[in-house]
Trainee: 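Just dropping this structure here.
Just the heavy atoms: all of them, side chains too, but no hydrogens, waters or symmetry mates, feed the values below.
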Amino acid sequence: MPTARDSLLDAAYAALAARPWAGVRMVDVAAEAGVSRQTLYNEFGSKEGLARALVRRETEGYLAGVTRALEEPGPTAGGDVEARVVAAAAWTVRAARTNPLVRAALTGCWSERLPTPAGGVPGQRGAHSGGAGAHMDGPPGPTELVGRFCDRAVAALEADWPKEDLPELGTACATAARLTLSYVVAPAEPDDLTRQLHRAFACAAHRA
């Protein structure tokens, strides 16, 4: 059974799908979640606190999907490194297409329909004023998300990467993350992204 916090975040996301964030009312979010408005304020402190928590949940969910894609065993013994990176890239593009908060966090482009967490500066770190949600950091911005994609890729893939080429793995993963982000910003044919990712890893592993 979902917690009150989860129910409130689900209700806030549903409300955002139906109207701009400026038109989302706290009383309506609480009613949709089946809790009191006081419970909502106890959990998040303010509407800004709710926005930060919602964006944080959606971006963490996106990153969890990246990890799942990277940890899927490949079709060959030892795992197909390139196929797992392609799967993580495909998940990123799909998540950005279907989730406006993930797309905004990845690109840094926040439309007027969306909340602008952390005082309008996504990626800002540190404490914020306002009730129980004040201890929460702001959501990650594009640079942090690219870095976390890269870090997770290195951690997941290094065991299946040729030991003599391990120094190049970080560069290959960073290239993959930035290539993927470019396809989020300017969508193109998925096969083109796949080819570029394979090329990047082939060069990094000295197999070009």
Side-chain angles (χ1 to χ4, degrees), residues 1-70 88 90-152 177 180-181 184-185 187:
M1 184 174 180
T3 65
R5 185 180 184 87
D6 288 337
S7 295
L8 286 163
L9 290 172
D10 288 343
Y13 187 83
L16 180 60
R19 63 185 67 86
W21 184 251
V24 173
R25 301 196 309 162
M26 297 287 270
V27 63
D28 294 333
V29 171
E32 179 64 24
V35 302
S36 69
R37 187 168 57 172
Q38 186 59 51
T39 297
L40 172 55
Y41 280 98
N42 288 344
E43 285 287 344
F44 302 106
S46 65
K47 189 176 179 181
E48 182 184 283
L50 175 61
R52 288 196 303 270
L54 179 60
V55 177
R56 171 63 64 181
R57 185 185 74 163
E58 298 307 308
T59 53
E60 290 297 336
Y62 152 67
L63 288 167
V66 169
T67 299
R68 286 193 299 272
L70 290 166
W91 161 252
T92 296
V93 173
R94 185 165 65 253
R97 186 173 64 246
T98 59
N99 188 322
L101 294 176
V102 171
R103 179 179 177 82
L106 282 167
T107 63
C109 298
W110 295 79
S111 75
E112 293 181 356
R113 287 190 57 86
L114 301 177
T116 51
V121 188
Q124 178 177 311
R125 322 308 295 161
H128 305 279
S129 61
H135 68 283
M136 296 174 57
D137 284 341
T143 299
E144 182 178 340
L145 286 173
V146 166
R148 291 175 72 179
F149 181 112
C150 182
D151 291 345
R152 290 176 186 221
T180 302
L181 183 58
V184 170
V185 174

Trainee: Do the charged groups of Arg103 and Glu58 touch, with an N to O distance under 4.0 Å?
Mentor: no

Trainee: What's the verdict on side chain to side chain contact (heavy atoms under 4.5 Å, CB included) for Leu50 and Val24, showing C-alpha distance, side-chain angles and the deciding distance?
Mentor: CA-CA 11 Å; Leu50 175 61; Val24 173; 5.8 Å; no

Trainee: With rounding to the nearest 0.5 Å, note down the distance linking CZ in Arg37 to OG1 in Thr39.
Mentor: 11.5 Å

Trainee: With no hydrogens and no angle check, do the side chains of Thr92 and Tyr62 hold a donor and an acceptor under 3.5 Å apart?
Mentor: yes

Trainee: Enumerate the residue pairs fulfilling side chain to side chain donor-acceptor pair (under 3.5 Å) with a member in residues 18-31, sequence neighbours excluded, ordered by first and then second residue.
Mentor: Arg25-Asp28

Trainee: Please report the shortest heavy-atom distance between Arg113 and Ala17, naming the atom on each side.
Mentor: NH2-O, 4.0 Å

Trainee: Tell me the closest heavy-atom pair linking Ala51 and Pro115, and the distance in Å.
Mentor: CB-CB, 3.6 Å

Trainee: Begin from the C-alpha positions of Thr59 and Leu101 and carry the test side chain to side chain contact (heavy atoms under 4.5 Å, CB included) through to its verdict.
Mentor: CA-CA 8 Å; Thr59 53; Leu101 294 176; over 6 Å; no

Trainee: Write down the atom of Trp91, the atom of Gly61, and the distance for their closest heavy-atom approach.
Mentor: CZ2-O, 4.1 Å

Trainee: Could you walk me through whether Lys47 and Leu40 pass the side chain to side chain contact (heavy atoms under 4.5 Å, CB included) check?
Mentor: CA-CA 9 Å; Lys47 189 176 179 181; Leu40 172 55; over 6 Å; no

Trainee: Work out which heavy atom in Pro140 is nearest to a heavy atom in Arg148; give both atom names and the distance.
Mentor: CG-NH1, 4.3 Å

Trainee: For residues Ser7 and Val35, determine if any side-chain heavy atom of one lies less than 4.5 Å from a side-chain heavy atom of the other.
Mentor: no

Trainee: Which atom names give the shortest non-hydrogen contact between Arg152 and Ala64, and what distance separates them?
Mentor: NH1-N, 3.8 Å

Trainee: May I have the step-by-step check of side chain to side chain contact (heavy atoms under 4.5 Å, CB included) for Arg52 and Phe44, ending in yes or no?
Mentor: CA-CA 9 Å; Arg52 288 196 303 270; Phe44 302 106; over 6 Å; no

Trainee: Looking at side-chain heavy atoms only, is the closest gap between Thr67 and Leu70 below 4.5 Å?
Mentor: no

Trainee: With a 4.5 Å limit on heavy-atom distance, are the side chains of Leu145 and Leu63 in contact?
Mentor: yes

Trainee: Check for a donor-acceptor pair, side chain of Thr98 on one end and backbone N or O of Arg94 on the other, with a separation under 3.5 Å.
Mentor: yes

Trainee: Quick one: does Tyr13's side chain get under 4.5 Å of Arg57's, heavy atoms only?
Mentor: yes

